[in-house]
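Note that the structure is predicted; figures quoted are calculated from it, not measured. Quick note on labels: first sequence line is chain A, next is B, and so on, each numbered from 1.
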Amino acid sequence: MNKYNEYKKPEFAKVGEDILQFWKDNGIFEKSVSEKEGNPTFTFFEGPPSANGTPGIHHVMARTVKDIFCRYKTQKGFQVKRKGGWDTHGLPVELQVEKELGIKKEDIGKKVTVDEYNQKCRETVMRYKDIWDDLTEKMGYWVDLKDPYITFEREYIETLWSMLKKLYDKDLLYKGYTIQPYSPAAGTGLSSHELNQPGTYQNIKDTSLVAQFKVSGTDNDYILAWTTTPWTLPANNGLAVGAGVEYLKVKTFNQYTFEPINVILAKDRMNAYFNPKAKDVKIEDYKAGDKLIPFEVIDSFKGREMEGMDYEQLMPYIPLEKPAFTVVIGDFVTTEDGTGIVHISKTFGADDFRTSVQYDLPGVFVKDEEGKDVPIVDKQGRYVKEITDFAGMYVKNQYYKDEEAPGKSLDVQISIKLKEENKAFKVEKYEHSYPHCWRTDKPVLYYPLDSWFIKTTEYKDRLVELNKTINWKPASTGEGRFGNWLENLVDWNLSRSRYWGTPLPIWVSEDKKEQKCIGSIAELKEEVQKSVDAGYMQDQISDDFDLHRPYVDDIILVSDSGQKMFREKDLIDVWFDSGAMPYAQWHYPFENDDIFQKSFPADFIAEGVDQTRGWFFTLHTLAVMLHDNVAFKNVIANGLVLDKSGNKMSKRLGNAIDPFETIAEYGPDATRWYMISNANPWDNLKFNIEGVGEVQRRFFGTLYNTYNFFALYANLDGFKFEEDAIPLSERTESDRWILSRLNTLIKSIDGAYNDYEPTKAARMIMDFVADEVSNWYVRLNRKRFWKGEYNNDKRAAYQTLYTCLMTVAKIGAPIAPFYMERLYNDLNAVSNQEQAQSVHLTDFPVADEACINTALEEQMQLAQTVSSLTHSLRKKEKIKVRQPLSKIMIPVLDEATRHHVEAVADLIKSEVNVKSVEFLDDTSGILVKKIKPNFRSIGQKFGPKVKLIAAAVNQWGQDDIATIERDGQYDLTLDAETVQLAIDDVEISSEDIPGWSVASEGKTTVALDITISEELRQEGIARDLVNRVQNQRKDMGLDVQDKIDVKVVKNEELINSALANYKEYICEETQALSLDVVDIIENTHTIEIDDWTLEISITVR
RNA sequence: GGGCUUGUAGCUCAGGUGGUUAGAGCGCUACACUGAUAAUGUAGAGGUCCGUGGUUCGAGUCCACGCAGGCCCA
């Protein structure tokens, strides 16, 4: 190609479509992987999404983060394979299917067969796969969609089984208790979502009781704890307090027995239990039966001081060993109701269970017929016989059949007993919301049920230790949220009582004494064969046997002793599915051992911070327990995408952003760039669609403009970068400056990507393009591109701008893959400087240290400051920039500054339209200097004396300043002593130039000569005329190259002279071949310059 | 209730190791520029740096206690 593409207007959405097609046609993504064969690998794990819902804008965010680093590492020479995946099991799918089939969980296996149900799940879960794939493509997320891992596939499940078997063999898989909602009436546990059905929570009145737990070794000190389930009190095994909560010990009397007592409760709960009117009643004046019970606070302490306090068992039916009946710290304790002290019963509450395990508090159990530990309430909801006084009573009156319920419920009877024993502080009816079984409409109990667990606690130390080797972004998520979670680890409850998921491969014999864990399909077949031989099964299973329910449930195995064995009905937690993806995606260890070894652990993963206890945890845990390794070395935990006001997006509220619409309107690049540049990925993003527009205008618009400017003139001059690069030494100051900045930028960007700081990278690139390339380099050098012949200076300008654009394309490609591809190919189509077909196949630029010149960068900074100051002076004096002025003067206090300014003097002159830049130094004798203490330096040296010294220095006159400048030091006498100040302890700058209009910023001061000579005036007029003619040319629709003739009607002398003296200049600037001053002309056009009115005519040749 | 996190201009965000006049972009106002033109430049207005204490010669920055929002967990 001979010409650079020029565009009429930017069409960023179309760029997205075009480039997508280009990638597809040329297999660029595939090449970006295959071309790196044999290179070091960079492993990325894709956290599998579930395709049973449509993707939202937050998925664009998460996937942009993933994509950036995979593309960057590819450019850095790594081979980056990224296998896509789909999460397919689990509750969300099941609930959706239940809803669509109009059934409930209990209908499964009745109204529909398990087989039909699971088939429906299998179809539903991939329903929106096409929409997901479409978004993946359109947003430019490069991931291998052709061969994804799918968690419901046979091979995937087989890997899971092999892992479970490994855990089982290491004795890390066990069956144990967990507290779950349980319906005694229905005889079944209820899952959390069943409790979320409408109507399950009902307001009911229960008997609530504040019990007095007697502190060991005291006469009448009691800890008060409140419960709405007095029937759990015989199972009490501990009391929990809040560590930071303030508690009081109060001297008072029991309202039922009138006995004197000291009670402990939270300070915040005092008002609930003590009548303020009793405040002034004296303890001594109390008589049994008085309504107003006096009280007196006698001690106060924090909860953490109570930890370890022992108390006597409240209802001693079943004695327990220590450390039962001890005060512990519970993070669930509140002071919103009750006494701020919570009664703990290991068998009847999830918090209680967890806390009991944590503190090793034994729970209250009895032995059943088989000698197994069971709670004091049986599965029908009745007290066991060991609770002698109330044996056989249902713990809730609702559990009795009609008419059989006792007049006084168990709760009431217990309350009466405790009142009589001086163990009840207060009993009252309490109305609260409590869950009911949606099927029987009777209250739910929290009850311990069997579940399978992974003994993660055994690996706690190693989990914590290895976590410290992971680079978390942000670090706090790793140390805090994740680290603290690991510190307080409990065993992983694997069991789920559902249908669509990975079945637990454990078979148990009828007498529950023998177990087998199956670790592969081959092993299963082996065992089935034994079972067939034993006559328990008819046939061997087929080769394509589906490992899901119900088929797997039909398999009966034979135990070593010859018993029938049935599969445990549980499915495993779906988080095990996703946490196992490093192995299961390759069907390891059955296949692909080599691939697995090369791609484990991952170098990088990224997901939402809500995955901390989900995917991040399961990945880490399985890797540590099975491979004693981390699963990932670097992780970005990104935050939420909220709407522009900071609210959560939801389809229901209608504030959700459709990613397809955004991409269609603004293009994928602006969408990606906005999300990355606006806030760090780990902070929440307030998504404002206007921000996308702003990024598009400010960054992509500017970049597009700069490219178009380059293309326009490069095409006119035929610049193709065929010649050798012009040596740095032969390029202008501004060329060398922008190249220095560019190479500094390359280093910074490389560092930012390498540190997983995409936001910093995006912002730096954006600032470079907008501020430095466009607003400074191009603006100052415009004329070099269009003026004069095609010489080396011009070539240098083209080469310099070309290099900037090309480099920006490469370093910006990870974030804006589409537009940067377009830019790269538009440039390279003509220059053919690059071999690679795509910017994504190029190497990441390496900074050329020879180009970096910090002194030059400082100079340019100075030029910008001087220009800015001069502009502000012009504004103050109301002299427009088009009017040339003779000079500016800059005070220089040292030679270095003088050299710096001299180097950029030409730039300054053209930028602010002055004829010369002059310097004022000390020898001029007219500078007034200003001195300021350098606080950082004197603070370090003199500490507390800073204030005195600063005050003294601020008082210095010109003589003192001269002294320290001459001697390099100054002996300053303070009240009692003398301190020696060095020249570095102060900052000296020029304050004023008497008689001039000055402005200053920091240490830089500029004075402007505002006298306008006759000659300058004429030049100003000439420039104004050029401007008017140019406007006229534009109005006439002339092309840049069109030649014209200009005639002007004679005016007053100043104008005429100006036209005559600057005729050549005016003609050159306006492409005029003639400029004549005449007496009269036709077709005149009136123009105004300041107060003059001119008649002119312009004709095209 | 616990862990983590955020709070700086109207909006979105920067502000190593403490240093005295707290910055940018957008928006707003004014002016300028006009061969990048659906561009551009300059200037101006706009701040209780969430609050209260503390450490320090000096705190947006460090510490403590709060307040408000967010996420996760109970």
**Q** Ignoring hydrogens and angles, answer whether the base of B/C71 and the side-chain atoms of A/Arg481 contain a donor-acceptor pair closer than 3.5 Å.
**A** yes

**Q** Starting the side chain at C-beta, find the nucleotide from B/C4, B/C13, B/A74 nearest to A/Ser476.
**A** B/C4

**Q** Are A/Phe710 and A/Tyr4 close enough that their ring centres sit under 6.0 Å apart?
**A** yes

**Q** Both A/Trp485 and A/Arg1023 contact RNA chain B. Taking the nearest nucleotide for each, which residue is further toward the 5' end?
**A** A/Arg1023

**Q** Which whole number of Å gives the distance between the P atom of B/C67 and that of B/A22?
**A** 31 Å

**Q** Of the nucleotides B/U6, B/U40, B/A39, which one has an atom closest to the side chain of A/Arg779?
**A** B/U40

**Q** Please check the phosphate of B/U5 (OP1 and OP2 only) for any side-chain N or O of A/Asn684 closer than 4.0 Å.
**A** no

**Q** Report yes or no: does A/His620 contribute a side-chain atom to a donor-acceptor pair with the main-chain N or O of A/Phe617 at less than 3.5 Å?
**A** no

**Q** Start at the 5' end of RNA chain B and walk down; is the nucleotide closest to A/Arg1028 or to A/Lys760 reached first?
**A** A/Lys760

**Q** For A/Tyr247, check ring-ring contact (aromatic ring centres under 6.0 Å, His included) against everything at least two apart and list the hits.
**A** none

**Q** Establish whether the base of B/A39 is bridged to the side chain of A/Thr702 by a donor-acceptor pair shorter than 3.5 Å.
**A** no

**Q** Which value, in whole Å, describes the distance between the C1' atoms of nucleotides B/A64 and B/U55?
**A** 11 Å

**Q** Between B/A39 and B/C33, how far is it from one C1' atom to the other, in whole Å?
**A** 11 Å

**Q** For nucleotides 22-30 of chain B, read 5' to 3', which letter fits each nucleotide if B means a protein heavy atom sits under 4.0 Å from the base, S means only the sugar-phosphate is that close, and - means neither?
**A** ---SS----

**Q** Is the phosphate of B/A14 approached by A/Asn680 (side-chain N or O, under 4.0 Å from OP1 or OP2)?
**A** yes

**Q** Touch check for A/Lys686, heavy atoms < 4.0 angstrom, all strands: base, sugar-phosphate only, or nothing?
**A** sugar-phosphate

**Q** Any side-chain N or O of A/Asn775 under 4.0 Å from OP1/OP2 of B/U40?
**A** no

**Q** Check this for me: does the side-chain of A/Arg782 come within 3.5 Å of the base of B/U40 through a donor and an acceptor?
**A** no

**Q** What about A/Phe12 and A/Trp673, are their ring centers closer than 6.0 Å?
**A** no

**Q** Kindly give the heavy-atom pair with the smallest separation between A/Val357 and A/Lys346, and that separation in Å.
**A** CG2-CE, 4.3 Å

**Q** When you measure from the side chain of A/Val609, which nucleotide among B/A36, B/C71, B/G19 comes out closest?
**A** B/C71

**Q** Can you list every side-chain hydrogen bond (donor to acceptor under 3.5 Å, both in side chains) pair that touches residues 687-709 of chain A, not counting sequence neighbours?
**A** A/Arg698-A/Asp767, A/Tyr704-A/Asn708

**Q** Would you please indicate yes or no on a ring centroid separation below 6.0 angstrom for A/Phe785 and A/Tyr713?
**A** no

**Q** Under 4.0 Å between a side-chain N/O of A/Asn678 and OP1 or OP2 of B/U12, yes or no?
**A** no

